[in-house]
Number of protein chains: 2
Amino acid sequence: MSHYAQQPIDNYQVSLQKNFPPGTKGVWAEQKDNGRYSLIEEEISLPAAVILQSAVESNIRWMQAFANQHQVNLCPHGKTSMTPYLFKRQLQQGAWGMTIATPAHAEIAAMAGAQNIIMANQLVGKTNMAEVARLQSCFDVNFYCSVDSTLNVEQLSNFFAERGQQVKVFIELGVAGGRCGVRGIEAATELAKRIHKLPGTALSGVEVYEGVISGDDAEARVRAFIAETAEFAKSLKDQGLIDTKDAIVTGAGSAWYDLVAETFSQYNDLLPVIRPGCYLTHDTGIYDVAQKKVMARAEKNQGVACRMGGDLKNALEVWACVVSTPEPGKAVIGMGKRDASYDAGLPIAERGFRNGSAIDIDGLIATAVMDQHTFVDVPENCDLQVGDVIAFSTSHPCLTFDKWRYIALADDDFTVEHWLPTQF
Amino acid sequence: MSHYAQQPIDNYQVSLQKNFPPGTKGVWAEQKDNGRYSLIEEEISLPAAVILQSAVESNIRWMQAFANQHQVNLCPHGKTSMTPYLFKRQLQQGAWGMTIATPAHAEIAAMAGAQNIIMANQLVGKTNMAEVARLQSCFDVNFYCSVDSTLNVEQLSNFFAERGQQVKVFIELGVAGGRCGVRGIEAATELAKRIHKLPGTALSGVEVYEGVISGDDAEARVRAFIAETAEFAKSLKDQGLIDTKDAIVTGAGSAWYDLVAETFSQYNDLLPVIRPGCYLTHDTGIYDVAQKKVMARAEKNQGVACRMGGDLKNALEVWACVVSTPEPGKAVIGMGKRDASYDAGLPIAERGFRNGSAIDIDGLIATAVMDQHTFVDVPENCDLQVGDVIAFSTSHPCLTFDKWRYIALADDDFTVEHWLPTQF
């Protein structure tokens, strides 16, 4: 039971002086005495995933300041990065806890020092429950998971009560046509009463993921759903159904966190928690679009976001080489579906280098990806050559992070001294 | 330089008796004395990726027998699995070598014992070249890579000649509108002459990937392209431009390997090499469709494939739980884009279990995936419940493999004693 205590995460950063497992992509280099490796000079094997340190630190501070100004608690969704170094930075800058998606993730969050851990999903299956029971017995943490069915609540209560434990649960409210979550306040209230009676479950509040709401009237529907969520949480508290000290109300991905924070912060009796994840490294695709909408709403409504100064910045790139220029106007990059996300837009060329000097890559557009290759259209006035190095941003950071076991941490000169292990 | 020799891969299989890194998905279980864990009884945390041992062994034997009967050499594309245990099984059953996609992959192939390593891609960038130079100096292997430009050939020759080495190269022939590869025999012949003259490159043959050819007339175009490829390889040999003992001609993904083998095997002066990868675990999607076409061609042409007995079988699954049944006719599975491929069809429900017994899941259809969730439509007569365990097959095995650091190796009763580490 105690192997956690004997294995704290001590490798938040790894330098190239330490041996990486052979065959690990994106970390190989010819050893240099000063331990500093230039991406521009191509001293690291490409493709490589790169975190821009100043941008990621700026993002961590920005979102923490946003939460502080709204007096809501920030519990970043760690599934985005699953990078203990970044969990630790988020916690050090004031995060209340970490959100995660699975029991395996919860172990990583606990080892990184999180004292509050929200699994924003259902805890299902006896082996997954056993993993959480082990977590609760080994760490002094508050672990919360979501429930949306009587069957699951009974499974949980039986499992944890048998082991002399309780598990803290949030009722997840859902929306028609959405993902998980109880449909309707009436059914949710019935479920709350059931949880409150059972020995192995402790009702701790209400959880939602408003990110499943889309369409032209999304903003109005998100506002209504979040208001309903807060009122429901308050009603549970008023009815005496909350079994823990705090009645928590929690929501917010990285697209609507402003609306969620504004509403939740009006409920003094509740402990409000927002859970954005992708803000950490942001992107140049779908989350950039979402953040521009946050800023536009702030401009319109005198919101906090636009008074804070600065904004989120892209902090995650994949660097790769041109490997072929087989036809005029076409090049192939040594980077593919195994290196960068492609489900919400293809990688975007940001900067180019040849022999250590910047080159003009204006108009370079990715058109398709295969497992290990990206096709780009090359404009006529661009003399792209085999061996040129291109830094790409991506859309949807979660599915770029999970392609890498180590990610290079780069300074503003694109020099790397440390790699960050991921824990997928 | 010698750290390879000190770090052979000795962990081809890992049992649960050995501690896994905490937080590693799909491997956690409550320890059992007999070390045998039942997927059906849900003694392993889900989701988990599963290799069906008898099916994968059957596939390895089948493709080796196919190559043997055609007297072509089998150099399986290892990028599919990047699983040293499976590399070793392929080599033990008679594979001539391993094909890989990157220098990092090449290290894994060498450590798994491959003596012939084809990198079926261009070797670009000084750090990637240094990785190959290190490989060549540490292992007694024949490493081959593809070239398709004078610039890259000169980069390679300069790099390797400076270090007193040569790198063996194949000219990659391409097709108009395809991926990499020289367009046209004339340009390819010019490139061959250049390679032959340079000190740091040794011309070893011709490489193609016919899998980029698609459309209604694909079969005819593939046949023509493969014939042209073999003739070109022969002409290089006849002109005295091949710098190595053997003149190799190599092609074939998992869709057209039959046509490639038939044509290449007619050239006695050449060393023919086929490189299918996905046959290893096969799938129930795009490669199942491709294999049915292989079999249909064999039926029509009295080909080898249909005389061998048996056929490829799906050998890779992802097992996961039903986590929510939020609305009638709809369920949510605890498995998503981070667990299974989704670029060539969504996961396919194969079998279902509840409390260790089989349940009827006929008609269960995946309709959408998110990072950690899969939505399924549930037919009216199916009483799917939260906690039910579903085994899914997937389409396009490469992008399921790369989601996992360990894959469970299951026997015919779905009992697991060992996990296979992957090396992405």
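Numbered from 1 within each chain, the chains take letters A, B, ... in sequence-line order.
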Picking from B:His105, B:Glu30, B:Arg179, which has the most non-hydrogen pairs under 4.5 angstrom with chain A?
B:Arg179
Measuring heavy-atom distances to chain B, does A:Leu123 have an atom under 4.5 Å in its side chain, in its backbone, in both, or in neither?
neither
Which of these, A:Glu131, A:Glu107, A:Arg134, sits in a side chain to side chain contact (heavy atoms under 4.5 Å, CB included) with B:Pro22?
A:Glu107
Which region of A:Val175, side chain (C-beta onward) or backbone (N, CA, C, O), has a non-hydrogen atom less than 4.5 Å from a non-hydrogen atom of chain B, or is it both or neither?
backbone
Heavy-atom cut-off 4.5 Å, strictly under: side chain, backbone, both or neither for A:Cys398 against chain B?
both
Near A:Asn355 CG, under 6.0 Å, is it more than 12 heavy atoms from other residues, nucleotides or ligands?
no
Please flag which part of A:Arg183 lies under 4.5 Å from any non-hydrogen atom of chain B: side chain, backbone, both or neither.
side chain
Does A:Asn128 use its side chain to pair, donor to acceptor, with the backbone of B:Leu46 at less than 3.5 Å?
yes
Of all of A:Ala187, A:Ala368, A:Ala106, A:Gly177, which one pairs up most often with chain B through heavy atoms under 4.5 Å apart?
A:Gly177
So what's closer than 4.5 Å to chain A heavy atoms on B:Thr80: side chain, backbone, both or neither?
backbone
What is the distance from atom OG1 of B:Thr325 to atom CG of A:Leu151, rounded to the nearest 0.5 Å?
7.5 Å
Contact leader toward chain A among B:His396, B:Lys126, B:Lys25, where contacts are heavy-atom pairs under 4.5 Å:
B:Lys126
Part of A:Gln155 within contact of chain B (heavy atom distance under 4.5 Å):
side chain
Sorted by number, residues from residues 328-337 of chain A in contact with chain B (heavy atoms, under 4.5 Å):
A:Lys330, A:Val332, A:Lys337
Below 4.5 Å from any heavy atom of chain A, which atoms of B:Phe375 appear? Answer side chain, backbone, both or neither.
side chain
Evaluation steps, side-chain contact (heavy atoms from CB on, under 4.5 Å), between B:Ile44 and A:Thr127
CA-CA 6 Å; B:Ile44 293 165; A:Thr127 308; 5.6 Å; no
For A:Ala130, is it the side chain, the backbone, both, or neither that has a heavy atom closer than 4.5 Å to a heavy atom of chain B?
both
Spatial distance of atom CD (A:Gln372) from atom CD1 (B:Ile100) [nearest 0.5 Å]
9.5 Å
For each of A:Ala109, A:Ala110, A:Gly178, tally heavy-atom pairs with chain B at distances under 4.5 Å, and name the one with the top tally.
A:Gly178
Please classify the contact of A:Asn121 with chain B as side chain, backbone, both or neither, using a heavy-atom distance under 4.5 Å.
side chain
Can you see which heavy atom on B:Gly125 is nearest to which on A:Cys321, and at what distance?
CA-SG, 4.5 Å
For B:Met129, is it the side chain, the backbone, both or neither that has a heavy atom under 4.5 Å from a heavy atom of chain A?
neither
Would a line drawn from the ring center of A:Tyr342 to the ring center of B:Tyr342 be shorter than 6.0 Å?
yes
Heavy-atom distance under 4.5 Å to chain A: side chain of B:Ala176, backbone, both or neither?
both
Count the heavy-atom pairs under 4.5 Å between each of A:Met370, A:Gln385, A:Gln122 and chain B, then report the option with the highest count.
A:Met370
Working to the nearest 0.5 Å, report the span between OH of A:Tyr209 and NE2 of B:His373.
10.0 Å
Proximity breakdown for A:Val322 and chain B, heavy-atom pairs closer than 4.5 Å:
backbone
Which heavy atom of B:Ser324 sits nearest to which heavy atom of A:Gly181, and what is that distance?
OG-N, 4.3 Å
First locate atom CG of A:Leu399, then atom CG of B:Asp371, and finally report the distance between them rounded to the nearest 0.5 Å.
4.5 Å
So which of A:Val147, A:Val182, A:Val386 has the biggest tally of heavy-atom pairs under 4.5 Å with chain B?
A:Val386
Would you name the heavy atoms of A:Val124 and B:Gly387 that are closest together and state the gap between them?
CG1-CA, 3.5 Å
Looking only at heavy atoms, what is the nearest atom pair of A:Trp404 and B:Arg405, with distance?
O-NH2, 4.0 Å
As an exercise: rank B:Glu43, B:Glu172, B:Gln31 by heavy-atom pairs under 4.5 Å with chain A and give me the winner.
B:Glu43
